[in-house]
Amino acid sequence: MEYDFKKIEQDWQKKWKDAKAYAVSNDSARPKYYVLDMFPYPSGAGLHVGHPLGYIASDIYSRYKRLKGFNVLHPMGFDSFGLPAEQYALETGQHPATTTEKNIATFKSQLDKIGFCYDWDREVKTSDPEFYKWTQWLFLKLFNSYFCNTQQKARPIDDLIKKYATQGAKDFTAQQWNAFSKKEQADILMKRRLAFSAYGEVNWCEALGTVLANDEVVNGVSERGGYPVEKKKMRQWFLRITAYADRLLDGLEKVDFSESMKEMQRNWIGKSEGAEIDFDLTPNPSPSGEGSSALKLKVYTTRPDTIFGADFMVVAPEHEIVSQITSAAQKEEIEKYLSYVKSRSERERLAEAKTITGCFTGAYAINPFDKREIPIWIAEYVLAGYGTGAIMAVPCGDQRDFAFAKHFKIPITNIIGSHYNGEEANPTKEAVLENSGFLNGLLMKDAIGVAVNKIEALGIGKRKVNYRMRDAGFSRQRYWGEPFPIVWKNEVAIPLDEKDLPLELPHVDKYGPGPNGEGPLANLTDWVDLTPNPSPKERGAKDPAPYGYINSTAEEWKKTLQFAKQNRKDATAAEDIIWQEIRNRNIAGFKFRRQHPIAGYIPDFVCLEKKLIIEIDGGYHNEAEQAAFDKAREQWLAEQGFTMIRFTNDAVNNSSKAVLKDIEQALLNKETVSETEGSNPPLPWRGVGGEVRRETSTMPGYAGSSWYFLRYMDPHNDKTFCDRKVSDYWNQVDLYIGGTEHAVGHLLYSRMWTKVMYDLGMIGFDEPYKKLLNQGMIQGSSRFVYKVVELFSKDSNWPLVNYNAPSLFISTGYYKSLEENIEKNRLKENDEIFSLIKNAIKKSDLPDIIILDAKIVESHVDVNIVNGLELNIDKFKTDWKNGEYANAEFILEDGKYICGVETEKMSKSKYNTVDPTDLCEKYGADTFRMYEMFLGPVEASKPWDTKGIEGVHRFLRKLWRLFFDDIKRKIWNEEKANDAELKILHRTIKKIEEDTERFSFNTAVSTFMICVNDLADIKCHKKEILEKLLILLAPYAPHISEELYQQLNSLQVSPTGGDLEGASVLDATYPVFDGRYLVETSKEYPISVNGKLRTNINISLDAGPEEVEKIVLANEVIQKWLDGKPPKKVIFVKGKMVNVVL
RNA sequence: GCCCAGAUGGCGGAAUUGGUAGACGCAGCAGACUCAAAAUCUGCCGUUCGCAAGGAUGUGCAGGUUCGAUUCCUGUUCUGGGCACCA
C-alpha cells in the first residue's frame, strides 16, 4: 500500500474534528498542563512558514504531555486589532472588521491543514466585542485602582477616597478634601490611578493631521509624504507600570525565562540608585553675578561622588526651566536649537550617537561645596522623561560628557589623577578622589555614600532610586482598537457602568484622522457628543412637548429611538400607503426613511439627500398644544435646512396618487445635499454645551494580549472575564512559546496586569508564564534576477541602448563579474559578457563601441519559481508578473539562470514567503511538521530553505514500508521481539523522551530516522515494537501514526465520527523506558596517546584501571607509539575513554 | 554608542556534565535494479600527503588553563537581534 498522506490526513483531520478529539474540559482528575503560543496577528498575507515553527513545537509538546496523562490546554486565537487592517482600510475602503474576519478564516484553514490539536471552541479574538468587553472591564479595574505604597500592591481607589475623606493626605486635610470641587478631587485621584490620563508627547504631523509612531518618522519628516513632524503634547492614557517596577524585577527570580530574556527586561526596567541634588543658580546669567536666585536646578546622578568634577550641566531641551534661565544673549541660539530638537524623534536622538549637538543657556549653577560656577547647557542627549531631565556632566568620568566637553571646548577638571589620561573618560569607581574637597583621598565607591550623606545633611538633595522604565502609553489615535469605556464631563473622566459594557466600536465609513489630532472616532459626532439636550425651556419652547419628542438627556435619546421603533410598528393606514410607494427608492429614485429621529424629533418620513420631511397628520395636530409644538419643531428643522411638507390622513386616503405627485415635485424642486451632511444632520444641542464627550482614542495592541491567556480558560463566560475556580484550576501558563521581539513590550505588560489582578484578588497567581521558550525567527531567503536596462558607450554619457523589450536578464555570475569589471574600468570588447550581451540584443552597430557602463536593475523574484538557485525559466515567463516577461531573453551560465540570494525578513513584498499550505499539499502535514523541527533548534534563527524536505518525506515512506510491502500487503507480525529489537526500541524511547522534554525536537527527528533505519536494516516488522514506536511518533506526525496505529489494532473508527476514547493513538499509553535492554557488558574504548585518538579496544566494562592499563599498553598500536618507553601517566575514565600520556 | 545571542564540511545541523568532532538529513559522486524513468537499495563523501597501511591538519581569529577544549578563561573579528544616548 502506498503512503497516501493526502487521504490519511484529510480523513483523520475530519474524524478528530467530528469526535471532538481536542475538546478540553475544565474538570478532570488528571493533572493540568497549559501550553500557550503567542497568538498571531491575522495579517492579509496569510500564514508563512515562519509562523508555525513555535506552533509545531507547542503542538508536539502538548500531545506529548497528553500521552503522559495530563489534561492539556492548548488553545489558539487571534490578536486581531491593529494598525495594518486600518491602513488597509484607509487605502481600499474595506472595513477592518471585514478584512480581519477574512484573514482569520484564512489563517484558521491554514493552521488546520498542519493538524494542530487546538480546541477551537476556546478561540479568542481580541476584536470580538465578547472579548473586548472584558478588556474594557479590566481597564476599568485598573482605572479604579491605585498602588498602595505601604502594602506595595494595587487596592481599590475607593479605599483611597475613604482615607482622603477621613484622614486627608500629606498635602491636604480631610476637611480640605471634602471641600474640594469634584474636578479638584478627580485631578488628585487621577495622579494615583493605575490607568490614568495625563499629557504626553506625541509625534504630530500637521500635514497628515495625525499622530505618527516612532518608526513612521524619518529624519524629522513623515515616512509617507515627507511632511514635517513635531512633538506635541496631547492628553493620553497611561498605565502606571512604574509602580510595579520592583515587583516586576523580583518576579523574574521565580520564572523560567532564558537569562538573556530576563536581562533584557532588567535593562528595560533599569533600576538605578543615586541622588537628586538641587543646585543654586547665579542670579544673573553672567559668571560675575553674586548670591543665588530663587530658581534651583534639580539633577539626578548615580555618581554623587564625582560632584567636584562637574564641569557643566546638561538640561533636556524640553525642560521647563530652560525658558526661565536662558540669558538674553543666548536666547536666539537656544530657540534655534529648540526648533531643531523639536523636529527630532526620540529614536533619532538615540540612533545618531556620534553627532554632538547642544547649546549654552547663558546660565550658571553653583557647586554647593566649592561654589564654582558651572555653565548650564541644553543638549538632546539628555531626555526630559528620565530622572529629573537634568544631569551634572563629569567629563573625566563619563564618555558622553567627555565627548561633549571636547566638542564644545569646555575645560575638564580631573578628579581621578592618573586614572584619567586626557584622551578618554574613565568611568571607574576604583580611583582615589583628588581635587574633590571633603572627598579627597577617598576611594570613589566609598565616597558615594559620604557625598550623599553630606548632601542630605545640608538639605540640598536626597537619595533616590530611579527607573529607566516609564509609564506605558495606553492610548492611540486610531480606529481599530478597543474604545475606552470613558466619558469626559467637564474635563473629568467618568467610567462607564460595567453593565454598559461592551462599549462597541462604532462603525465608520472613513478611517482618516479626526480633528485636532484625535482618532477617526472623533469624526462620529453623534457617537462622541453626549452633552444633554438643552431643556425645552432653554430651547425657547413654551411648553414641554408631549410624547417625549424633545429630550434633555442622552438617556432620553435612547427613549427617542425606542419611540421611533414603536411608531414604525404603530403606523397609521395612511402612512403605510405612502411607505409602500416611496420605499426602496420608488419615488424618483430617492431614498426615504421612516420614523427616523433627527435629534429629538421623529418625522414620519425623511429624505436625507434632499433634507425633505413628509408629515402625515392625524386630527390631533389641530389641538393647540400640538400645533405649538409642531411650529417650534418646524422652525428648528428649517434652521437646519429641512423642508417639511404636510398631508392629512384624509388626503392620502382619498388620493394617494396626488400626494405622491406632490412629494415628487417637492423632491425635484430642492437641491441635493452632500451625503455626509445629509446623513449626519447636526443635532440641536450642538454648540450649546459640548461638555460631555466620549473618549475618542482607542487602546493599543497590547491591551488584549495582556490578559488573553486567562480568557482561553473560560472563553464563554458572560458573567466575568474568567471564573476564579477555573483560573485556580488552570493556573499559570506552564509553557509559553513565542518570539523574542515581545521580550519587553508584551511580556512586561501582561506580567503587570497579572500582578494587578492578583492584588485585587481576581486570580490566584502573580506571574502569568511559568516557563518561556523563545522560538527563533525564520528569515526569508530572497532570490534576485538582474535585468539590463541601459548600456553606456565610451564616448557618451547617454545610454546607448535603452533596453526594454524584449527584456534581457543576465545570470548572477555575469552580473557579479560585470559589476566588478565596471568598477575596475576594464570591460573589454573581447570580454565574454560583452559579446553575450551583444548577441542577445542583436544590435549591429554595437561592435564598434566599447561598453563602459551598464545599468542593471536587481529585483526580487518569487522563491517559489526558483529551484535552489536555478530559476525556472518557463515558470518565470508564464507566471511571473502576469506574463510581463513572456518574451524575455536570458544570458545563462552552464545553461542555467542562477539567481542572486540574500537573507532578509520574510515578507510578501520581497517575494520570499513560502506558504505552509503548499508544502502540506505536496508532502503532507506530517512531513511539514517534522521538517520544520528538523531544520534546527527551535530557539535558533535561520533562513528558510525548502531543499531538505525530501529527506523527511523519505523517512515517513520508509516507516510506512515497515508495515506494508510493495503490493499493499500488511507485513507486520505478532512475533516476540528479540533483544536487538528491544534495544533499538528502548534506546529510542529514552532519547525521544529526553529530547522532547528539553525541546530538542531536531535531534528527536533524527532519532526517529535512526530507529527506522535500524529496524529496516534488521527487517523488523513486529507489532510489539512498531506499536510503541507509533506512540512515540504520534506527537510529531499524528496523522500517519494514527492511521498505522488503527490498522495495526484493526480499530478503524467510523468516518462519521464517534467517541475515540481509548481507541486513538492520541490517548495511548506512553511507552515506559526499561534500562535493562541497554545494559552493555563491554565497550569499544577510544584510546588516545597525548590526547590524540590512535585506536579503539574492546574492553569489559567491569575492568578496573589496572586491568585496562595492562590491556592498553599491550596493544600493538599503542606499543608502536610508546616506542619502548614507559608512559608518564595513563588516564582512565570508566565507560568513556583512555588517554596514554608520553 | 549600549545590551543580548551566535560563528562547526558544499548546505541545515549533532556532540546533553571538559572525554572518539562532523550523528541525522540535503546536495554531490560511484554502483545495483530497470528498455528507460520514477521509486528503492548499496558504497563513498572536512582539508591535505599517501598506491595503501597510515600520517598531518581541522569547530571565526590570537592566546591561556588541562593528560585532554567545539565546550572553560582572556583578548579580538564578523554576523544576527534588541534599544528609550538612562547619567
Side-chain angles (χ1 to χ4, degrees), chain A residues 2 214 258-264 266-268 270 272 274 299-303 306 314 346-356 379-383 385-388 390-394 397-401 403 427 466-470 739-741 743-744 774 776-777 779 868 903 931 934-937 939-952 954-955 957-958 961 966 991 994-995 998 1000 1002-1010 1013 1016 1084-1096 1117 1120 1127-1131 1133 1135-1142:
Chain A
E2 273 290 294
N214 269 342
S258 72
E259 234 0 90
S260 58
M261 182 67 55
K262 289 182 184 180
E263 198 57 29
M264 272 189 243
R266 283 190 200 107
N267 288 344
W268 186 268
S272 69
V299 305
Y300 175 73
T301 179
T302 53
R303 296 295 302 273
T306 62
V314 188
E346 202 165 282
R347 186 166 291 187
E348 284 162 344
R349 284 168 67 169
L350 153 86
E352 292 164 37
K354 279 170 200 153
T355 350
I356 298 166
E380 59 177 335
Y381 80 88
V382 172
L383 299 180
Y386 184 77
T388 61
I391 62 162
M392 57 177 215
V394 182
D398 182 286
Q399 191 51 42
R400 241 182 1 258
D401 297 345
N466 225 327
Y467 300 94
R468 175 179 140 191
M469 180 169 66
R470 302 195 288 250
T740 41
E741 65 270 26
V744 279
N774 287 119
M777 214 186 355
Q779 289 141 324
T903 299
Y931 181 59
F934 190 55
L935 225 46
E939 298 98 320
S941 291
K942 56 238 157 188
W944 176 263
D945 187 357
T946 309
K947 217 171 55 187
I949 198 168
E950 299 273 356
V952 176
R954 259 173 232 153
F955 152 73
R957 284 205 303 254
K958 194 163 182 176
R961 287 198 308 276
D966 295 345
K991 185 87 165 85
E994 282 172 4
D995 284 355
R998 68 188 176 105
S1000 179
N1002 56 329
T1003 53
V1005 174
S1006 63
T1007 303
F1008 281 122
M1009 290 173 169
I1010 293 167
N1013 287 346
E1084 193 79 6
Y1085 274 97
I1087 316 295
S1088 307
V1089 176
N1090 283 340
K1092 284 194 181 105
L1093 179 74
R1094 293 304 174 191
T1095 189
N1096 290 297
V1117 177
K1120 200 181 81 190
K1128 267 193 195 138
K1129 210 194 304 185
V1130 175
I1131 290 158
V1133 183
K1136 291 273 187 191
M1137 46 70 70
V1138 180
N1139 189 14
V1140 180
V1141 185
L1142 295 183

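Lettering of chains follows the sequences in order, A, B, ..., and the numbering in each one begins at 1. Predicted model only: the values in this text are computed from it and were never measured.
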Counting the atoms with a prime plus P, OP1 and OP2 as sugar-phosphate, which does [X] contact under 4.0 Å by heavy atoms, base, sugar-phosphate, or nothing?
| X | result |
| --- | --- |
| A:Pro943 | nothing |
| A:Met469 | base |
| A:Asn1013 | sugar-phosphate |
| A:Lys991 | base |
| A:Ile1131 | base |

When rounded to the nearest Å, what value does the distance between [atom1] atoms of [N] and [M] take?
| N | M | atom1 | result |
| --- | --- | --- | --- |
| B:A5 | B:G60 | C1' | 16 Å |
| B:C73 | B:U66 | C1' | 12 Å |
| B:G18 | B:G13 | C1' | 22 Å |
| B:U70 | B:C85 | P | 42 Å |
| B:C2 | B:G75 | P | 14 Å |
| B:G68 | B:G82 | P | 42 Å |
| B:A23 | B:U76 | P | 35 Å |
| B:G46 | B:A53 | P | 14 Å |

Would you mind pulling out the nucleotide paired to [N], Watson-Crick or G-U wobble, both distances under 3.5 Å?
| N | answer |
| --- | --- |
| B:U42 | B:A30 |
| B:A69 | none |
| B:A5 | B:U79 |

So, are A:Glu263 and A:Arg266 salt-bridged, with charged N and O less than 4.0 Å apart?
yes
Do you see a donor-acceptor pair shorter than 3.5 Å between the side chains of [X] and [Y]?
| X | Y | result |
| --- | --- | --- |
| A:Asp995 | A:Thr1003 | yes |
| A:Thr946 | A:Tyr931 | no |
| A:Asn1013 | A:Lys958 | yes |

Once you round to the nearest 0.5 Å, how far does CH2 of A:Trp268 lie from CZ of A:Arg468?
7.5 Å
Distance check, rounded to the nearest 0.5 Å: A:Asn1139 atom CG versus A:Ser1088 atom OG?
5.0 Å
Relative to its sugar, using the 90° cut-off around 0, the base of B:G28 is anti
Nearest whole Å is fine: how far is [N] [atom2] from [X] [atom1]?
| X | N | atom1 | atom2 | value |
| --- | --- | --- | --- | --- |
| A:Asp995 | B:A23 | CG | C1' | 12 Å |
| A:Met264 | B:C2 | CE | P | 17 Å |
| A:Asp398 | B:A87 | CG | P | 9 Å |
| A:Arg468 | B:C3 | CZ | P | 11 Å |
| A:Ile949 | B:A27 | CD1 | C1' | 16 Å |

Under 3.5 Å: donor-acceptor pair, side chain of A:Lys942, backbone of A:Ala940
yes
Dump every N/O contact between nucleotides 9-11 of chain B and the protein below 3.5 Å, one line per pair.
none

Comparing A:Ser1006 with A:Gly936, nearest RNA chain B nucleotide closer to 5' gives the residue A:Gly936
What I'd like to find out is whether the side chain of A:Met1009 reaches to under 4.5 Å of the side chain of A:Val952, using heavy atoms alone.
yes
Below 4.0 Å: OP1/OP2 of [N] and any side-chain N or O of [X]:
| X | N | value |
| --- | --- | --- |
| A:Arg957 | B:U40 | yes |
| A:Arg266 | B:G82 | no |
| A:Asn1139 | B:G19 | no |
| A:Arg954 | B:C26 | yes |
| A:Lys958 | B:C41 | yes |

So A:Leu935 and A:Trp944, side chain to side chain contact (heavy atoms under 4.5 Å, CB included) or not? Walk me through it.
CA-CA 9 Å; A:Leu935 225 46; A:Trp944 176 263; 3.6 Å; yes
Is a donor-acceptor contact shorter than 3.5 angstrom present between the side chain of A:Lys1136 and the base of B:U17?
no
